[in-house]
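The next block holds one structure in the form of structure tokens; read it before the comments.
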Amino acid sequence: MIFGVPIFLAVVAFISVVFVHELGHYFIGRCCGIGATTFSIGFGPKLFSFTDKHNTEWTLCLIPLGGFVKFVTENDRSDSSVKMDRSGNLESHNLSISGSFESASLICRTMTVLAGPVANFFMSAIIFTFISGMTGVMTTEPIVGDVADLPGKAITLMPGDRIITVEDTPVESFRQVYDLIATLDQMSDIRLSILRDGQVLKLTIPHIFQPIVFDVEMFSPAMKAGLKVGDVFLEADEQTISSFEDLKFIIGSTNGKPITLKIWRNDKIILTDLTPEMRPTETVDGNLIEQMRIGVRGGALFSPAMVKPHLLESVWTGVRMTFYVIKTSLTGLARMIDQTISPKHLSGPIGVAKALSYTASEGFMPFFSLLAAISAGIGLVNLFPIPVLDGGHLMLFLYEGIFKKAPADRIIKFLMAVGLTMLLALMVFATFNDILR
């Protein structure tokens, strides 16, 4: 468990996602003339509260695992409050609040409920846009960015080099570089012509698809074993590893039995034991399947240079990443339903908090990336057609739009009870998964 600043940032992240969601409901409700009596972040005992000029009480509560906006109802409009003035006399005050939720048009109520998830999607897109603007985007030109280290080999390629030819074949884009190299024997060296400081140089480098760790997945066997980005696999159970394909084959044949890995890291040889497990894997077509894995991803020996994007390009990247999170989440849910992947990979509040804490310790960019993904995920989950969630309310509005009347109160209460039971059962199951991890 990580304590200190990362935990504080995880709590702030929870609060910010909830606040943005509820602010979406509140803002559109106000625009539609619907008043609100309470805007609460969290549940349980109040830590802080104040009442604004619209008679909305804003509260921050002890348990930051949700929030709500309580809109004005017809009962609120007809009620009056009795208060004691400074002279000790009782006086009655009609609540000075806007229209009730029930009296608003169906369109206004729909927009108000829909605004919460949409606000989360906007938050996700904005954060991804910010990250894109700060870190840049990969250039399409054949200009080298980062170059990884390999044991016992001095890589003569340098950041900023422009690749002119690969095996004497001219290239004009990084895609051509990768496509040409992919056709070559992975055990062979590669001849390049590069432009550096106005001079054309001939270089020979190792094949670029080496068994180098470029990403370690959260809560994976690799993470638990302490593997880090930049590690180079040398052996697995005394079998030599020359490429990630070798590693995949060896891991896939373990049947979940423990395996000993020999790793090169910063000129040191490290031995570590871990146990592969069935983990979700994204296929080329964007689907998800389960494979025996240790939870690392590889990459090329060198990557394209990063360039600062235009504002519209950053915005488009932010929108695209948000849709990617939504699409991947839906795909994962569908694969859990058809039992292609196990529901044990579903995370609850504990898992999310631990992930936020971990990424906060890794740096602000990983932390903000996860925050954006969580915001998009919260928006998506709230659109599920489950009573008590926003999607459940939208289904009731759809019924009202079709049949020109709202469902009977007893039906609504029954559906809400069923929805609450489903939601609590899901949270208990996800929390149990978190504890097992």
Side-chain angles (χ1 to χ4, degrees), residues 131 135-167 171 173-197 201-218 220 222-223 225-236 239-251 261-272 274 293-307 359 362-363 365-366 369:
I131 293 173
T135 61
V137 295
M138 291 184 179
T139 180
T140 58
E141 299 182 52
I143 301 175
V144 177
D146 292 332
V147 181
D149 293 327
L150 287 178
K153 297 180 180 179
I155 309 301
T156 52
L157 200 63
M158 297 177 60
D161 289 346
R162 185 183 186 94
I163 301 174
I164 301 174
T165 66
V166 176
E167 295 291 322
V171 294
S173 69
F174 231 102
R175 171 52 57 189
Q176 287 181 287
V177 174
Y178 283 161
D179 289 345
L180 281 171
I181 293 177
T183 64
L184 304 176
D185 185 346
Q186 291 199 8
M187 299 302 295
S188 65
D189 290 337
I190 300 170
R191 292 180 293 111
L192 301 178
S193 295
I194 60 104
L195 180 66
R196 180 189 298 167
D197 298 329
L201 304 176
K202 301 286 187 178
L203 304 178
T204 300
I205 66 171
H207 199 285
I208 67 172
F209 298 122
Q210 299 285 333
I212 306 171
V213 176
F214 279 84
D215 182 58
V216 180
E217 296 174 10
M218 205 81 65
S220 65
M223 176 183 169
L227 269 64
K228 298 181 181 299
V229 172
D231 287 348
V232 180
F233 293 103
L234 302 178
E235 294 180 1
Q239 300 179 63
T240 301
I241 298 176
S242 301
S243 68
F244 244 91
E245 291 304 316
D246 292 342
L247 179 66
K248 288 179 181 179
F249 176 79
I250 296 172
I251 296 299
L261 298 174
K262 180 186 285 187
I263 296 167
W264 179 87
R265 179 189 300 164
N266 298 329
D267 293 328
K268 295 181 180 179
I269 303 299
I270 300 172
L271 294 177
T272 184
L274 52 74
R293 300 172 55 234
I294 61 174
V296 295
R297 283 193 284 269
L301 182 62
F302 56 87
S303 59
M306 305 298 288
V307 295
T359 55
E362 293 292 299
M365 289 307 170
S369 295

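Worth saying up front: this structure is predicted, and the values here are computed from it rather than measured.
Partners of Q239 by side chain to side chain donor-acceptor pair (under 3.5 Å), not counting sequence neighbours: none found. Legend: residues meeting ring-ring contact (aromatic ring centres under 6.0 Å, His included) with F244, ordered by chain and number and at least two apart, are absent. Listed by chain and number, the residues in a salt bridge (charged side-chain N to carboxylate O under 4.0 Å, His left out) with R297 are D215, E217 (sequence neighbours excluded). For K202, the side chain to side chain donor-acceptor pair (under 3.5 Å) criterion is met by S193, not counting sequence neighbours. Scored by the ring-ring contact (aromatic ring centres under 6.0 Å, His included) test, Y178 finds F174 as partners (sequence neighbours excluded). F214 is linked by a side-chain contact (heavy atoms from CB on, under 4.5 Å) to A148, I212, counting only residues two or more places apart in sequence or in another chain. When the side-chain contact (heavy atoms from CB on, under 4.5 Å) test is applied to T183, no partner is found at least two apart in sequence or on another chain. Every residue was checked against the side chain to side chain donor-acceptor pair (under 3.5 Å) condition with T135, not counting sequence neighbours, and none meets it. Residues passing the side-chain contact (heavy atoms from CB on, under 4.5 Å) test with T240 are S242, sequence neighbours excluded. Applying the side-chain contact (heavy atoms from CB on, under 4.5 Å) test to P159 and every residue at least two apart in sequence or in another chain returns V147.
Counting only heavy atoms from C-beta outward, the side chains of I241 and P211 approach each other to under 4.5 Å. Here the side chains of I190 and V166 are in contact, with some heavy-atom distance below 4.5 Å. Looking only at side-chain heavy atoms (C-beta outward), M306 and T139 stay at 4.5 Å or farther from each other. Side-chain contact check for I194 versus R162: every heavy-atom pair is 4.5 Å or farther apart. Side-chain contact check for V171 versus T165: every heavy-atom pair is 4.5 Å or farther apart.
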Practice prompt. Any chance you could lay out the side chain to side chain contact (heavy atoms under 4.5 Å, CB included) test for I205 and T156, step after step, and finish with the verdict?
Written response: CA-CA 7 Å; I205 66 171; T156 52; 4.2 Å; yes

Discussion item. Using the rule given for side chain to side chain contact (heavy atoms under 4.5 Å, CB included), can you reason through M158 versus V144, listing the C-alpha separation, both sets of side-chain angles and the distance that settles it, and then say yes or no?
Written reply: CA-CA 7 Å; M158 297 177 60; V144 177; over 6 Å; no

Item to complete: Would you please test V137 and V307 for side chain to side chain contact (heavy atoms under 4.5 Å, CB included) and show each step?
Response: CA-CA 6 Å; V137 295; V307 295; 4.1 Å; yes

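Closest approach of L150 and P206 over heavy atoms only: CD1-CG, 4.0 Å. Scanning all heavy atoms of the two residues, the minimum distance from V296 to A222 falls at CG1-CB, 3.4 Å. A pairwise comparison of heavy atoms in H207 and L301 identifies O-CD2, 4.5 Å as the closest pair.
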Indicate every side-chain donor-acceptor pair of residues 228-236 with a distance under 3.5 Å to a residue at least two apart or in another chain.
{"residue": "D231", "atom": "OD1", "partner": "R265", "partner atom": "NE", "Å": "2.7"}
{"residue": "D231", "atom": "OD2", "partner": "K228", "partner atom": "N", "Å": "2.8"}
{"residue": "D231", "atom": "OD2", "partner": "R265", "partner atom": "NE", "Å": "3.4"}
{"residue": "D231", "atom": "OD2", "partner": "R265", "partner atom": "NH2", "Å": "2.8"}

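Atom CG in D161 sits 9.5 Å away from atom CZ in F302 (nearest 0.5 Å). Taken to the nearest 0.5 Å, the CD1 atom of I163 stands 10.5 Å off from the CG atom of L180. Put simply, CD1 on I181 and CG on L192 are 6.0 Å apart, with the number rounded to the nearest 0.5 Å. Note that the CG atom of L227 and the CD1 atom of I263 stand 4.0 Å from one another [nearest 0.5 Å]. Going from atom CE of M138 over to atom OG of S303 covers 5.5 Å, rounded to the nearest 0.5 Å. In this structure, CE in M365 is found 13.0 Å from OG1 in T359, a value given to the nearest 0.5 Å.
Among pairs with a residue in residues 174-184, those fulfilling salt bridge (charged side-chain N to carboxylate O under 4.0 Å, His left out) read R175-D179, at least two apart in sequence or across chains.
Counting heavy-atom neighbours within 6.0 Å of D197 CG, excluding the residue itself, gives a total of 12 or less.
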